[in-house]
Amino acid sequence: MRLRQKVLFLAITPLILALCAIALAVWHQSELLAQQQRSTIQQAYLSSKEAELKHYVTLAQHSIAHLYDAGRDDPAAREEAKRILSSLSYGDDGYFFVYDMQGNSLMHPRQPELVGRNLYDLRDEQGQPTIQKLLQRAREGGGLQRYMWIKPSTHKPVAKLGYVVPLPRWGWMLGTGIYLDDVEQALAKVDVQQSGNIHNTMLWIALIAIAAAVVVASSGVALNISELRVADAKLKVLAQRVVESQEEERARLSRDLHDGISQWLVSIKLQIEAGMIRLSSGQPGQIEAAQGVFEHAADQLSNVMGEVRRISHNLRPAILDDLGLAAALKHLGQEYTHSSGTPVQFEASGATDGLSDVANTVLFRLAQEALTNIGRHAAAGQIEITLRGEADGVTLCIRDDGKGFDAEGIALHPQRGIGLRNMMERMDAIGGRFSIESGSTGTVLTAFAANDS
C-alpha cells in the first residue's frame, strides 16, 4: 500500500468506525426506547381498558337496578334481568355473562349452548380453573381477572381480561371482558412503526457515512494531486539545483586542475627536460645547473602535492572519517584562519560520536558553507564555532560579529540565498532542525542533528 493510500485509509477508517459506533449506539438506544415506549403504551392501554370494563359493568348494574334494588327475588324479575343483560353488547366480541355462585351458566348471549351447564370444573388449555377463579374474584367483592376463553369472532381460545361483580341477593356473578389479542395487534402496529423509524434512522446514518467517506476521499485525492504537483515542482527545482551544483563543482575542479596543477606539471616537465639536456651535454658546470633545475622541480612537485591534498580535502576531508566531526571542524577553523586571517574559536563539549556518517558530513558541509558565506559577505572580525553533544543529538552553532543580513528576505528571494537554501535542504534531508538569526551585531546559525538510533 502506497503512502497516499495509507493516509487516505487512515483518514477514512476512523470516520467510518466513529459513524458505526454512533449507529450502534443509536440503534441500542432506539431499541431500548421502543421497549420502554411499548411497555408504557401497553400499560396505558390496559389501564384504559380496565376502566372501560368497570364502566360497562356499572352500566349493566344500573340497567337492572330497578329490578335488583327493588328487592324483588321472583323468577320473573330474574328472567327480565337476564333478558336486559343479554341485549347489552358492545362490538362483535363485547357482551355480559351471568353465573350463579355454584358455577352454573345462567346467561351467555354469544355462547347459548353453555346456558344451564355447570362449568365450575372448566379448565383452559394450561389446566387453570377458569370459572373457579372468576367466582373467587366475585366472592372477594369483584375485580379484574385474566383467563383464556373462546373468542366468538374467531372461535379460538384467546387471552381475556374479565371484570366481575357479585349480586349477593340473587346469588349471581355478573361480568364482562375484552380479548387481549386486540391489544397485541395494536401493540404490534406500534412495533412496526418503531421498527420502521429505526430502519429509516439507520439508513440516514449509512447515507451520511457514505457521503462523508466520499467527501473525505475526494478531498484526500484532491489534496494528494495538489501535493503531488507541488512535490513534482520542488523536485524539479531540486534536481536543477543538483545539476547546477554538480556543474559548479566540476567547473571549480576544472579550474583548479587547469590553472594550478596543470600549469605546475607543465612547468615541472619542461624543467626536467631542460635538466636532462644539460646532463647529456657533458659540458663542464652543466651537472650543477641540472641539479638546481631538478631541485626547483622537486619544490614545485611539493606544491602540486599540497594542491592535490587541498582539493581532496574540499571534496571529502579524511580527518572527518579518521578523527571525527569535532577534529574536522577544528581543522576547518584553523584553515580558515590561515587563509583569511579572521580568528576562528572552536569549542566542543559532550559526546558527538552518536551521529551517522551522513549527519557528520551534513554538519561539516554546513560549517564549510557558513564560513564561505562569512568570508564573502559578513566582514566579520571574529568567528565562534561551538559543537555540543547531548543525549538525543548534536548541536552545531556558528556565530560571527559581522554586519548581518535579512535572513527571511534572502531565503525567499528566487535568485539569492542558494547557499542558505542548500543548508536548509541538507538538514531537512536528515530530519534535523535549522535556524538562523541575523542582525546588525552579527549572525548566529544553529543546526541540530539527532543521534543515529
Side-chain angles (χ1 to χ4, degrees), residues 45-183 185:
Y45 193 79
L46 289 177
S47 298
S48 66
K49 289 300 181 181
E50 290 172 1
E52 186 176 349
L53 289 176
K54 293 178 182 179
H55 293 158
Y56 286 156
V57 172
T58 301
L59 289 175
Q61 287 179 298
H62 288 167
S63 67
I64 62 172
H66 64 286
L67 299 173
Y68 183 77
D69 293 339
R72 295 180 58 183
D73 195 14
D74 56 285
R78 295 189 181 191
E79 290 298 326
E80 178 65 16
K82 287 190 285 184
R83 186 190 65 77
I84 294 173
L85 292 174
S86 64
S87 65
L88 299 177
S89 64
Y90 47 95
D92 295 336
D93 299 314
Y95 57 89
F96 293 91
F97 54 83
V98 177
Y99 288 82
D100 63 18
M101 302 308 289
Q102 287 74 39
N104 294 306
S105 176
L106 302 179
M107 187 272 296
H108 203 297
R110 296 293 188 273
Q111 293 177 287
E113 69 275 7
L114 299 179
V115 177
R117 294 175 53 186
N118 188 292
L119 303 177
Y120 186 83
D121 294 326
L122 179 67
R123 295 180 180 270
D124 59 18
E125 296 177 348
Q126 299 176 355
Q128 298 295 323
T130 304
I131 303 303
Q132 292 180 27
K133 287 186 176 182
L134 292 174
L135 292 174
Q136 180 64 30
R137 186 67 62 192
R139 293 189 184 99
E140 294 173 354
L144 296 166
Q145 180 64 45
R146 286 177 179 257
Y147 59 98
M148 300 293 293
W149 198 261
I150 301 296
K151 187 176 182 179
S153 59
T154 62
H155 303 288
K156 294 180 180 180
V158 178
K160 186 175 183 179
L161 178 64
Y163 185 80
V164 294
V165 293
L167 298 178
R169 284 200 297 271
W170 289 355
W172 285 6
M173 175 184 68
L174 171 63
T176 188
I178 60 170
Y179 293 94
L180 297 179
D181 60 336
D182 296 335
V183 178
Q185 291 176 1

Checklist line | With Arg123 via side chain to side chain contact (heavy atoms under 4.5 Å, CB included) - residues at least two apart | finding: Pro129
Margin query: Run the ring-ring contact (aromatic ring centres under 6.0 Å, His included) test against Tyr99 and tell me which residues pass, sequence neighbours left out.
Written below: Phe97
Note to self: Once ring-ring contact (aromatic ring centres under 6.0 Å, His included) is applied, do any residues pair with Tyr179, and if so which ones, sequence neighbours excluded?
What the structure shows: none
Notebook entry, point to check: Is there any salt bridge (charged side-chain N to carboxylate O under 4.0 Å, His left out) pair reaching into residues 75-90, and which pairs are they, with sequence neighbours excluded?
Noted result: Asp73-Arg78, Glu79-Lys82, Glu80-Arg83
Margin query: Can you pull out every salt bridge (charged side-chain N to carboxylate O under 4.0 Å, His left out) where at least one residue sits in residues 126-138? Sequence neighbours excluded, please.
Written below: Arg137-Glu140
Next item on the list: Just jot down the salt bridge (Lys or Arg N to Asp or Glu O under 4.0 Å) partners of Asp74, sequence neighbours excluded, or say none.
Entry: Arg72
Next item on the list: Would you please name every residue forming a salt bridge (Lys or Arg N to Asp or Glu O under 4.0 Å) with Asp181, sequence neighbours left out?
Entry: Lys151
Checklist line | Where at least one partner belongs to residues 97-114, residue pairs that pass salt bridge (charged side-chain N to carboxylate O under 4.0 Å, His left out), sequence neighbours excluded | finding: none
Item checked: Residues in side chain to side chain contact (heavy atoms under 4.5 Å, CB included) contact with Leu167, at least two apart in sequence or another chain -> Gln61, Ile64, Tyr68, Trp172, Leu174
Check: With sequence neighbours excluded, what pairs up with Tyr147 under the ring-ring contact (aromatic ring centres under 6.0 Å, His included) test?
Finding: none
Check: Residues two or more places apart in sequence or in another chain: which of them pass side chain to side chain contact (heavy atoms under 4.5 Å, CB included) with Ala65?
Finding: Asp69
Next item on the list: Under the salt bridge (Lys or Arg N to Asp or Glu O under 4.0 Å) rule, collect the residues that match up with Lys49, sequence neighbours excluded.
Entry: Glu52
